[in-house]
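Starting off with a structure, shown below.
Heads up: numbering here begins at 1 and tracks the sequence.
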Amino acid sequence: MEKKIAFLYAGQGSQHTGMGRDFYNSFPEYKNVFDSIHTDFDIKKACFENPDNMLLNTQYTQPCMVAFACGVTEILRNRNIIPDYVCGLSLGEYSALYAAGVWSLADTMKIISARGKAMAEASDGIDSSMVAITALSADVVSHCCKKARENGIVSICNLNCPRQVVIGGDKSAVELAVKIAKEKGARRCVPLEVSGPFHTVYMKTAGEKLRETLKDICFNKPKCEVLYNYLGGPNEKSEDIRELLVNQIQSTVRMHDCIEYLIYNNVKTFIEIDPGTTLSGFLKKSLKLIAPDIDEFQILKINTIEDINLIKTLES
């Protein structure tokens with residue numbers, strides 16, 4: 001059976017000052033991506049200099065992260081490194097769809113700029129938080145959220161990897177859920193650097209605004225298999241991608257299910273396109289649990305020039 005390649009795209013949280021600057025200065029295809037992007041703010045300055053911590057605000061974070069991802073995708077494409085599967089964590093799903101040829105760079109940035117603004121507006125005035133909880137099952141965390149709802153809205157936002165669950169919602173409800181989770185044996189409860197209660201019912205209005213943006217976008221047939229957060233796998237029933245994305249913004253992200261699907265479908269090389277290393281951490285935990293021989297798998301992260309040099313063995 002042919003061994004396959006998957007591209008994994010990061011979501012919010014791994015952004016940092018200076019991300020992509022070395023790529024911009026070294027790779028013409030990456031520079032071309034950034035130079036062709038039109039946004040209502042200076043995207044290069046935001047990525048490379050991060051004035052006033054712009055990258056902590058989702059309306060800027062999202063376009064910056066996707067620009068980084070699209071630029072790296074072009075570096076890989078220029079080296080004939082083409083994925084069999086693509087998958088992204090939350091925001092990263094949009095970069096995955098770009099990599100699959102579903103829409104153009106211009107449309108990708110138009111969509112993600114609208115999404116970022118809509119999510120920022122939906123978060124405005126809400127005292128919210130998101131926390132990653134480790135060492136508890138999704139069922140136990142769901143029970144913790146249910147008991148904490150006396151303090152407000154709280155629910156599971158992300159199922160990232162075995163025994164790591166992200167919750168979000170009203171800050172007081174999240175705090176109570178965390179307290180209960182610790183009593184249940186949670187090992188770590190780590191607050192996330194995000195600016196709203198993403199993937200909760202608070203994002204319903206953002207979903208409606210996203211639907212309006214998507215209705216005028218031309219969708220092409222994917223050139224490779226895309227795994228969707230809302231489904232936890234491929235779109236086997238050919239559901240409307242627009243509706244999958246509208247649902248994704250306000251529903252649980254099933255990243256662990258997507259990673260499991262890739263492992264069971266003979267993906268042996270995973271390329272993490274991420275300014276940080278978040279996704280490879282999730283992947284390693286999943287492999288440790290379900291893969292009989294972890295040495296069969298190759299995990300390559302792409303966030304520095306040195307990383308590009310390490311993937312030359314994949315060039316065809």
Side-chain angles (χ1 to χ4, degrees), residues 10-15 55-62 65 88-94 115-184 186-210 228-230 232 245-258 276 278-279 281-282:
Q12 294 187 79
S14 58
Q15 68 272 9
L55 291 176
L56 292 180
N57 186 322
T58 194
Q59 73 179 83
Y60 304 121
T61 309
Q62 295 198 31
M65 286 286 289
L89 175 64
S90 183
L91 169 67
E93 191 159 278
Y94 292 77
R115 183 182 188 265
K117 289 176 183 177
M119 291 174 73
E121 290 168 359
S123 304
D124 190 38
I126 301 171
D127 189 14
S128 66
S129 67
M130 294 179 70
V131 174
I133 298 173
T134 59
L136 293 181
S137 70
D139 288 343
V140 172
V141 174
S142 180
H143 177 72
C144 296
C145 290
K146 186 176 180 180
K147 291 188 69 174
R149 286 185 189 130
E150 63 188 60
N151 279 18
I153 291 172
V154 58
S155 60
I156 291 177
C157 307
N158 297 64
L159 299 171
N160 289 329
C161 61
R163 300 172 76 77
Q164 197 218 73
V165 180
V166 175
I167 65 172
D170 293 310
K171 187 175 182 179
S172 59
V174 171
E175 288 174 346
L176 179 54
V178 166
K179 180 177 181 292
I180 297 168
K182 288 179 177 178
E183 293 169 355
K184 296 281 186 182
R187 190 172 302 157
R188 297 180 67 209
C189 298
V190 181
L192 304 184
E193 287 192 356
V194 293
S195 55
F198 307 142
H199 302 291
T200 71
V201 295
Y202 277 125
M203 294 295 110
K204 183 175 176 59
T205 57
E208 295 305 316
K209 291 178 181 178
L210 178 63
Y228 295 88
N229 292 173
Y230 180 68
L245 295 173
V246 169
N247 285 323
Q248 186 243 52
I249 207 172
Q250 56 194 302
S251 305
T252 303
V253 169
R254 297 169 58 194
M255 190 66 187
H256 176 54
D257 289 343
C258 292
T278 303
L279 289 178
F282 298 159

Counting only heavy atoms from other residues, nucleotides and ligands, does the tally under 6.0 Å from CD of Glu193 exceed 12? no
I'd like to know whether His143 forms a side chain to side chain contact (heavy atoms under 4.5 Å, CB included) with Ile180, so could you lay out the CA-CA distance, the side-chain angles of the two residues, the decisive distance to 0.1 Å, and finally the verdict. CA-CA 9 Å; His143 177 72; Ile180 297 168; 5.6 Å; no
Salt bridge (Lys or Arg N to Asp or Glu O under 4.0 Å) partners of residues 118-132, not counting sequence neighbours, each pair once: Glu121-Lys209
Minimum heavy-atom distance between Gln250 and Val246, given as atom pair plus value: NE2-O, 3.0 Å
Smallest separation among heavy atoms of Ala206 and Ala122, with atom names: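 Looking at all heavy atoms of both residues, the closest pair is CB-CB, 4.2 Å.
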With no hydrogens and no angle check, is any side-chain donor or acceptor of Gln12 less than 3.5 Å from a backbone partner on Thr61? no
Write down the atom of Ser14, the atom of Ala10, and the distance for their closest heavy-atom approach.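 It is OG-CB, 3.8 Å.
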Quick one, Val131 and Val166 - any side-chain contact, counting heavy atoms below 4.5 Å?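 No, every pair of side-chain atoms sits at 4.5 Å or beyond.
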Hey, what do you get for OG (Ser251) to NZ (Lys204), rounding to the nearest 0.5 Å?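 Here the interatomic distance stands at 10.0 Å.
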Taking the side chain from Asn57 and the backbone from Ser195, do they hold a donor-acceptor pair closer than 3.5 Å?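 Such a contact is absent between Asn57 side chain and Ser195 backbone.
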Going by salt bridge (Lys or Arg N to Asp or Glu O under 4.0 Å), name the pairs with one or both residues in residues 167-179, residues two or more places apart or in two chains. Lys179-Glu183
Euclidean distance, Ser129 OG relative to Ile167 CD1, rounded to 0.5 Å: 7.0 Å
Is any side-chain heavy atom of Val141 less than 4.5 Å from a side-chain heavy atom of Ile156? yes
More than 12 foreign heavy atoms under 6.0 Å from OH of Tyr230: is that the case here?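 Atom OH in Tyr230 is not packed in, count stays at 12 or less.
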Check whether Asn158 reaches the backbone of Val253 with its side chain - one donor and one acceptor, N or O, closer than 3.5 Å.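 Here the side-chain-to-backbone pair does not exist.
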I need the Glu208 CD to Ile249 CD1 distance, nearest 0.5 Å.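 CD1 of Ile249 is found 10.0 Å from CD of Glu208.
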Distance-minimising heavy-atom pair for Cys258 and Tyr228: SG-O, 3.7 Å
Going through the checks in order, is the side chain to side chain contact (heavy atoms under 4.5 Å, CB included) test met by Thr200 and Cys157? CA-CA 6 Å; Thr200 71; Cys157 307; 3.6 Å; yes
Looking at side-chain heavy atoms only, is the closest gap between Val165 and Leu136 below 4.5 Å?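 Heavy-atom side-chain distance check fails, nothing below 4.5 Å.
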Starting at CE of Met255, measure out to CG of Asn229 and round the result to the nearest 0.5 Å.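 Spacing of CE (Met255) from CG (Asn229) equals 6.5 Å.
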Give the C-alpha distance, both sets of side-chain angles, the deciding distance and a yes or no for side chain to side chain contact (heavy atoms under 4.5 Å, CB included) between Asn160 and Thr278. CA-CA 10 Å; Asn160 289 329; Thr278 303; over 6 Å; no
Are any side-chain N or O atoms of Arg149 and backbone N or O atoms of Val154, one a donor and one an acceptor, separated by less than 3.5 Å? yes
Below 4.5 Å, heavy atoms only, C-beta onward: do Met130 and Phe198 meet side chain to side chain?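 Sidechains of Phe198 and Met130: in contact.
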Got Phe282 and Leu89 here, is their nearest side-chain heavy-atom distance under 4.5 Å? yes
Can you tell me how far apart OG1 (Thr58) and CE (Met65) are? Round to the nearest 0.5 Å.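 Thr58 OG1 to Met65 CE: 10.5 Å, rounded to 0.5 Å.
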So, applying side-chain contact (heavy atoms from CB on, under 4.5 Å) with Gln62, which one of Arg115, Gln15, Lys117 is it?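 Answer after filtering Arg115, Gln15, Lys117: Arg115.
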Heavy-atom closest pair (Ser90 atom, Gln248 atom, distance to 0.1 Å) is O-NE2, 3.0 Å
When rounded to the nearest 0.5 angstrom, what is the spacing between CE in Met119 and NE2 in His199? 5.5 Å
Set out, in order, the CA-CA distance, both residues' side-chain angles and the distance that settles side chain to side chain contact (heavy atoms under 4.5 Å, CB included) for Met203 and Ser123, then state yes or no. CA-CA 8 Å; Met203 294 295 110; Ser123 304; 3.5 Å; yes
Indicate the atoms forming the closest heavy-atom contact of Pro197 with Ser128, along with that distance. CD-OG, 3.3 Å
